[in-house]
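Following: one structure in structure tokens, then a few remarks.
In what follows, every chain begins at residue 1, and chains take the letters A, B, ... in the order their sequences are listed.
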2 protein chains.
Amino acid sequence: MAGQENIINRLTLDRLMQYYHWITENLDPKTEATVSSSQLAKQLTLDDSQIRKDLAVIGVKGQRHVGFDIQEVIVSIRQLLGLSKSHPAVVLGAGRLGGAISSYNGFVSYGLNIVALFDNDPAKIGLMIGGHVVQPLDHLESVIKQSNVLLGILAVPDHAAQESADRVVAAGIRVIWNFSPAHLRLPEDIFVRHERLFVALAQLFYHLNRIDIPNG
Amino acid sequence: MAGQENIINRLTLDRLMQYYHWITENLDPKTEATVSSSQLAKQLTLDDSQIRKDLAVIGVKGQRHVGFDIQEVIVSIRQLLGLSKSHPAVVLGAGRLGGAISSYNGFVSYGLNIVALFDNDPAKIGLMIGGHVVQPLDHLESVIKQSNVLLGILAVPDHAAQESADRVVAAGIRVIWNFSPAHLRLPEDIFVRHERLFVALAQLFYHLNRIDIPNG
DNA sequence: TAGATTGTTAATCGATTAACAATC
DNA sequence: TAGATTGTTAATCGATTAACAATC
């Protein structure tokens, strides 16, 4: 009874992040105190029941006739995800994508803290990218240990992905954000989120092809 | 009966793209002629029925006792998505992310053809990024018309996203790949794929927090 | 008060997985 | 042939949406 723990699923977590983002970007707690599920639903093109359910999952209670307290929603999501904490991470691959990830302020504002950026290309080592000096991969293990890093971000080429993943896991990484197209094979207890940007092309091209021939 | 058209859904399209990628990266049609659904399923951690169903959707027939002809699978997916065609696209936003998208060879190899990269920052205009000269937004409409561009890629800051989207749509864009966190409001007939990278942080942090306190 | 909104259950929808006959 | 594999239907699972009593 006590150890019963509900793992919140991916879709719910993604939506909660969207709620948080929209509220903090668009509502001013000084002028508005509450937000209703139908208001949020309209803005994000979602069903209002969905929003009430998601908020119920994390224990946020609304007030009938009024809506949800903005501050309570913000604080609850922030606590659930630890958005006020600093989450140290390492980035592997100092190409354009790795550089973009390392220097994107949108991530920083949520608490992502890139502590180091690695590459094995001697030409890149020593370069300054988004406030980070590119370091050789030799330093990987010591940096991970020293900063207690648990999150690894892979922005390496396809062929280097599995090897990079194995190496960061061996060094103590427990969560991986994989931007490479490769399907990684890792121990069960390592959590991996695949970004797989290239698969989007399937949907984009499919829709483009259907537009090209509008004589149906 | 004739006009009956099955729209293939997002999940199926994404998986087909994964099949295509894995097969072309890992199998050599010279040495192996077929691949079985269970083989693919094992490699991609999917259910084998799923794969047979997806291939049935696009009309690929396997051979009982043997599997699916690799060439047939490749050709069918390539034709469905038009992976051999060139798909012209414009990128808005020449920051690090826009630059990464514009210069990523993985996309080019599938037929994505970035014809222009735009920014409104005078300091960036004229710069060469991944083989593209950064152009001022003034050129947007003429480039879209001249090259018959139907695909727009948004890599602009949150606050500029809606305005950028409206502008490319007005110029003739029909499909949008949105990398900004903003929720875009656009006409029904415009297809939008949201990438929303920041929502991934919710899941990553949630899992990190659960690791931090392993005394459950 | 009347109207608006939550909280929650039930209904629906859709996607995934299991199962197995067909068959090479 | 026996074993392997497809093709497809049925079963299951899970997520979304509808509905509405509770109520401020």
Reading nucleotides 19-24 of chain D from 5' to 3' and marking B where a protein heavy atom lies under 4.0 Å of the base, S where only the sugar-phosphate is that close, and - otherwise, the string is B-BBSB
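In this structure, B/Glu32 and B/Gln39 approach most closely via the heavy-atom pair OE2-NE2, 4.4 Å. Annotation for B/Val199 and A/Gln18: closest pair CG1-CG, 3.8 Å, computed over non-hydrogen atoms. Considering all non-hydrogen atoms of both residues, A/Leu137 and A/Arg167 come closest at O-NH2, 2.9 Å.
In terms of the side-chain hydrogen bond (donor to acceptor under 3.5 Å, both in side chains) criterion, residue partners of B/Ser38 (sequence neighbours excluded) are, by chain and number, B/Ser36. For A/Phe107, the ring-ring contact (aromatic ring centres under 6.0 Å, His included) criterion is met by A/Tyr104, A/Trp177, not counting sequence neighbours.
Side-chain contact check for B/His87 and B/Asn113: no donor-acceptor pair (N or O, by modelled atom type) lies under 3.5 Å. Side-chain contact, A/His21 with B/Asp158: a donor N or O sits under 3.5 Å from an acceptor N or O.
Spacing between atom CG of A/Leu13 and atom P of D/dA15 amounts to 12 Å, rounded to whole angstrom units. Atom CG of A/Leu11 and atom C1' of C/dA15 are 12 Å apart (whole Å). Across the protein-nucleic acid pair, B/Asp47 atom CG and D/dG14 atom P stand 14 Å apart, rounded to whole Å. Per the geometry, CD belonging to A/Gln50 stands 12 Å off C1' belonging to D/dG14, to the nearest Å. Separating the CD1 atom of A/Ile8 from the P atom of D/dA15 is a distance of 13 Å, rounded to the nearest angstrom. Atom CZ in A/Phe68 sits roughly 6 Å away from atom C1' in C/dT6 (whole-Å rounding). In this structure, B/Leu55 places its CG atom 14 Å from C1' of D/dT8, rounding to the nearest Å. Put simply, CG on B/Asp48 is 9 Å from P on C/dA18, counting in whole angstrom units.
Counting only heavy atoms from C-beta outward, the side chains of A/Ile153 and A/Val90 never approach each other to under 4.5 Å.
For DNA chain C, no neighbouring residue in residues 31-46 of chain B is found when judged by any heavy atom under 4.0 Å.
Note on A/Asn9: only backbone sugar-phosphate atoms sit closer than 4.0 angstrom, heavy atoms only; bases stay farther off. Contacts of A/Arg10 with the nucleic acid, taken as non-hydrogen atoms under 4.0 Å apart, are absent.
Between A/Asp14 and A/Arg193 there is a salt bridge, since at least one side-chain N of the basic residue sits less than 4.0 Å from a carboxylate O of the acidic one.
Residue whose closest nucleotide on DNA chain C sits further toward the 5' end, between A/Val60 and A/Lys53: A/Val60.
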Contacts table for residues 57-74 of chain B: side-chain donor-acceptor under 3.5 angstrom, sequence neighbours left out:
{"residue": "B/Asp69", "atom": "OD2", "partner": "B/Gln71", "partner atom": "N", "Å": "3.2"}
{"residue": "B/Asp69", "atom": "OD2", "partner": "B/Glu72", "partner atom": "N", "Å": "2.8"}

Base-pair string, DNA chain C, Watson-Crick plus G-U, cut-off 3.5 Å on both distances, | for inter-strand, is ..||||||||||||||||||||||
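Of the inter-residue distances, the one linking A/Leu186 atom CG with A/Ile173 atom CD1 reads 11.5 Å to the nearest 0.5 angstrom.
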